[in-house]
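Notes follow once the structure below has been shown.
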Amino acid sequence: MAGRVEGKVAFITGAARGQGRAHALRLAEEGADIIAIDIEEQVEEVPYPTAKAEDLQETVRQVEALDRRIVAETADVRDLGTLKSVLEKGVAELGRLDIVAANAGVDIVGPWHSMTPEIVRTTIDINLIGVWNTVMASLPHILDGGRGGSIILTSSANGLKAGPFNMAYNMSKYGVTGMAKSFAMELAKDNIRVNSVHPGGVDTPMVEGIMGVPDSGFAKGSEENPNLTGMFTQWIPGMMPPREISNAILFLASDESTWITGHALAVDGGLSQY
Ligand SMILES: NC(=O)c1ccc[n+]([C@@H]2O[C@H](COP(=O)([O-])OP(=O)(O)OC[C@H]3O[C@@H](n4cnc5c(N)ncnc54)[C@H](O)[C@@H]3O)[C@@H](O)[C@H]2O)c1
């Protein structure tokens, strides 16, 4: 039986680990080839480790084990020129581009007075302008194909309902929600759909780095402002495996969602729905 995205090519940012790797594997399982990027240097300002070169290599190994092709390169989503070169190479090798999962992101948590200009700038540069760079570098290739395509921007539950002690992240993720709708409107005539996905708490190194440490920015915020601590709670208890988000990405990437565009799809156990 043909896979749900058989013969298509997907570009995924932040693909070395966490949700990005899960997206690469889920789409590869359903027949897509992958162009993957991640950063290999620690992102300044981020208090938890960002991905390493060996993490991206592990994604390559796992995609190839599914018998799919993958072009994986180191790139920073803040660098539009490098994204363009990676896509030139990837499309030359794999033949086309149909799907984009703009997933790379960082989260630097803490009370409002801990947010330095550098933290705000880094967060906006990666989470918002980095997503815009990803789409801008991808669009010429999707348009060249003349077959349309599907672009999925990873926002967050924080892009629908602001979470406490997360000022810069909330700003960036609300921006992504608006960006998806803007691209969706203008690209509908070219049969390119653009949607945003809004995860709740997903079990990845990001959350481990934010919540799993005793003196986290979240703990500091809660200490001085305990009223806000419980406001960002999922109705479904527990932490989601990354594959739950990948299933939403797969649906939006596939021809099962042909008439869905400009939509903000929450996959967050109810968190943002009140
Ligand atoms: N984990 C959650 O609970 C959660 C919830 C809502 C939204 N999100 C969003 O989901 C996306 C994926 O996060 P995750 O949970 O897999 O965390 P993660 O930290 O495991 O993965 C993020 C990936 O992005 C990469 N990255 C960071 N900055 C980059 C840059 N400048 N250029 C290229 N790559 C870069 C990191 O190296 C990492 O591999 C992010 O956009 C995040 O904001 C996560």
Side-chain angles (χ1 to χ4, degrees), residues 11-26 36-59 72-80 82-83 86 101-109 121-134 137 152-163 166 168-177 179-180 196-212 218 232 234 238-246 248-249 264-269 271-272:
F11 177 43
I12 304 171
T13 65
R17 68 181 197 194
Q19 294 177 52
R21 179 189 287 166
H23 301 344
L25 297 177
R26 190 72 192 94
I37 66 110
D38 208 302
I39 203 162
E40 72 180 23
E41 274 145 31
Q42 177 63 31
V43 177
E44 68 285 10
E45 314 298 338
V46 175
Y48 56 88
T50 46
K52 308 210 167 24
E54 55 265 32
D55 298 322
L56 189 56
Q57 280 322 305
E58 179 58 20
T59 300
E73 297 286 336
T74 296
D76 188 325
V77 293
R78 290 170 288 187
D79 180 353
L80 178 58
T82 305
L83 294 182
V86 170
N103 160 82
V106 295
D107 189 359
I108 306 166
V109 178
R121 218 166 269 133
T122 297
T123 307
I124 298 290
D125 275 352
I126 295 175
N127 291 8
L128 185 59
I129 300 177
V131 167
W132 184 80
N133 286 340
T134 302
I152 304 119
L153 310 185
T154 297
S155 173
S156 169
N158 293 67
L160 297 172
K161 172 184 167 167
N166 223 347
Y169 191 74
N170 290 335
M171 289 162 65
S172 69
K173 294 299 189 179
Y174 267 84
V176 171
T177 311
M179 191 193 316
S196 53
V197 165
H198 301 261
V202 186
D203 192 4
T204 68
M206 174 186 279
V207 167
E208 179 55 30
I210 295 168
M211 307 300 280
F218 192 88
F232 214 61
Q234 292 172 179
M239 189 74 91
M240 244 182 291
R243 196 176 166 89
E244 295 293 329
I245 308 302
S246 306
I249 300 276
L265 179 58
V267 186
D268 64 359
L271 189 159
S272 63

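All ligand and atom numbering here is 1-based and tracks the order in the structure. Residues: numbered from 1 along the sequence shown.
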> Which atoms of ligand 1 have any heavy atom of N103 under 4.0 Å away?
Replying inline: 11 (C), 12 (C), 40 (C), 41 (O)
> Is the CD atom of E41 crowded by more than 12 outside heavy atoms at less than 6.0 Å?
Replying inline: no
>> I need the minimum non-hydrogen distance between G105 and Y48, along with the two atoms involved.
In response: O-OH, 4.3 Å
> So which bit of D76 gets within less than 4.0 Å of ligand 1, heavy atoms only: side chain, backbone, both or neither?
Replying inline: both
> What about D38: any of its N or O atoms under 3.5 Å from an N or O on ligand 1?
Replying inline: yes
> Is the backbone of A16 close enough, under 3.5 Å, to the side chain of D38 for a donor and an acceptor to pair up by distance?
Replying inline: yes
> Between E244 and V202, is any pair of side-chain heavy atoms under 4.5 Å apart?
Replying inline: no
>> Can you tell me which portion of V202 lies within the under-4.0 Å heavy-atom range of ligand 1? Options are side chain, backbone, both, or neither.
In response: both
> What atoms in ligand 1 come closer than 4.0 Å to a heavy atom of V106?
Replying inline: 27 (C), 28 (N)
>> Measuring from atom CG of L25 to atom CZ of R21, what distance do you get when rounded to the nearest 0.5 angstrom?
In response: 7.5 Å
> What atoms of ligand 1 come closer than 4.0 angstrom to any heavy atom of A51?
Replying inline: 37 (O), 39 (O)
>> Can you name the atoms of ligand 1, numbered from 1 with element, that are less than 4.0 Å from a heavy atom of T154?
In response: 9 (C), 10 (O), 11 (C), 41 (O)
> In the protein, what heavy atom is nearest to atom 19 (O) of ligand 1, and what distance, to one decimal place, separates them?
Replying inline: R17 NH2, 2.8 Å
> Heavy-atom contacts under 4.0 Å between P242 and ligand 1: side chain, backbone, both, or neither?
Replying inline: neither
> When you measure from atom 8 (N) of ligand 1 to every protein heavy atom, which one gives the shortest distance, and what is it?
Replying inline: Y169 OH, 3.4 Å
>> With respect to Y48, determine whether any N or O atom, backbone or side chain, lies less than 3.5 Å from an N or O atom of ligand 1.
In response: no
>> Is it true that Q19 and T204 share a donor-acceptor pair across their side chains at a distance under 3.5 Å?
In response: no
>> Need the ligand 1 atom indices (1-based, order shown) with element for anything under 4.0 Å from a heavy-atom of G201.
In response: 3 (O)
>> I'd like to check which ligand 1 atoms, numbered from 1 as shown, lie under 4.0 Å from a non-hydrogen atom of G14.
In response: 23 (C), 24 (O), 25 (C)
> Of all the heavy atoms in G209, does at least one lie under 4.0 Å from an atom in ligand 1?
Replying inline: no
>> Which residue and atom name correspond to the protein heavy atom nearest atom 17 (O) of ligand 1, and how close is it?
In response: M206 CB, 3.2 Å
> Below 4.5 Å, heavy atoms only, C-beta onward: do I245 and P199 meet side chain to side chain?
Replying inline: yes
>> Would Q19 count as a polar contact of ligand 1, with the cut-off being nitrogen or oxygen pairs under 3.5 Å?
In response: yes
> Hey, does V77 come in under 3.5 Å of ligand 1, counting only N/O atoms on both sides?
Replying inline: yes
>> Heavy-atom distances under 4.0 Å decide this one: backbone, side chain, both or neither, for T204 against ligand 1?
In response: side chain
> Hey, are S246 and H23 close enough side-chain-wise for a donor-acceptor pair under 3.5 Å?
Replying inline: yes
>> salt bridge (charged side-chain N to carboxylate O under 4.0 Å, His left out), that's the test. Do E44 and R78 meet it? Break it down for me.
In response: CA-CA 13 Å; E44 68 285 10; R78 290 170 288 187; 3.1 Å; yes
> Knowing that exactly one of N166, N127, T123, N158 qualifies, which makes a side chain to side chain donor-acceptor pair (under 3.5 Å) with D107?
Replying inline: N166
> What is the minimum heavy-atom distance between T13 and A104, and which atoms define it?
Replying inline: OG1-N, 3.0 Å
> Counting both backbone and side chain atoms, is some N or O of T50 under 3.5 Å from an N or O of ligand 1?
Replying inline: no
>> Under 4.0 Å from a heavy atom of P199: which atoms of ligand 1 are those, numbered in the order shown and with their elements?
In response: 5 (C), 6 (C), 7 (C)
> Of the options I37, I39, V131, N133, which is the one that meets V77 in a side-chain contact (heavy atoms from CB on, under 4.5 Å)?
Replying inline: I37
> Given side chains that start at C-beta, do those of D268 and H198 come closer than 4.5 Å, heavy atoms only?
Replying inline: no
> Which part of H198 is near ligand 1, with near meaning a heavy atom under 4.0 Å away: side chain, backbone, both or neither?
Replying inline: neither
> Ion pair present between R17 and E208, side-chain N to carboxylate O less than 4.0 angstrom?
Replying inline: no
> Given that the side chain starts at C-beta and the backbone is N, CA, C, O, which of these parts of N158 lies under 4.0 Å from ligand 1, counting heavy atoms, or is it both or neither?
Replying inline: neither
>> List ligand 1 atoms under 4.0 Å from S156, heavy atoms only on the residue side.
In response: 6 (C), 7 (C)
>> Under 4.0 Å, heavy-atom basis, I'd like to know which part of V43 is in contact with ligand 1: side chain, backbone, both or neither.
In response: side chain
> Considering only heavy atoms, which of I126, T82, V207 lies nearest to atom 2 (C) of ligand 1?
Replying inline: V207
> Among G130, G105, G18, which residue places a heavy atom closest to atom 24 (O) of ligand 1?
Replying inline: G105
>> Taking 4.0 Å as the limit for heavy-atom contacts, which would you say applies to A75 with ligand 1: side chain only, backbone only, both, or neither?
In response: backbone
> Does the pair I124 and M171 meet the rule for a side chain to side chain contact (heavy atoms under 4.5 Å, CB included), with working shown?
Replying inline: CA-CA 8 Å; I124 298 290; M171 289 162 65; 4.1 Å; yes
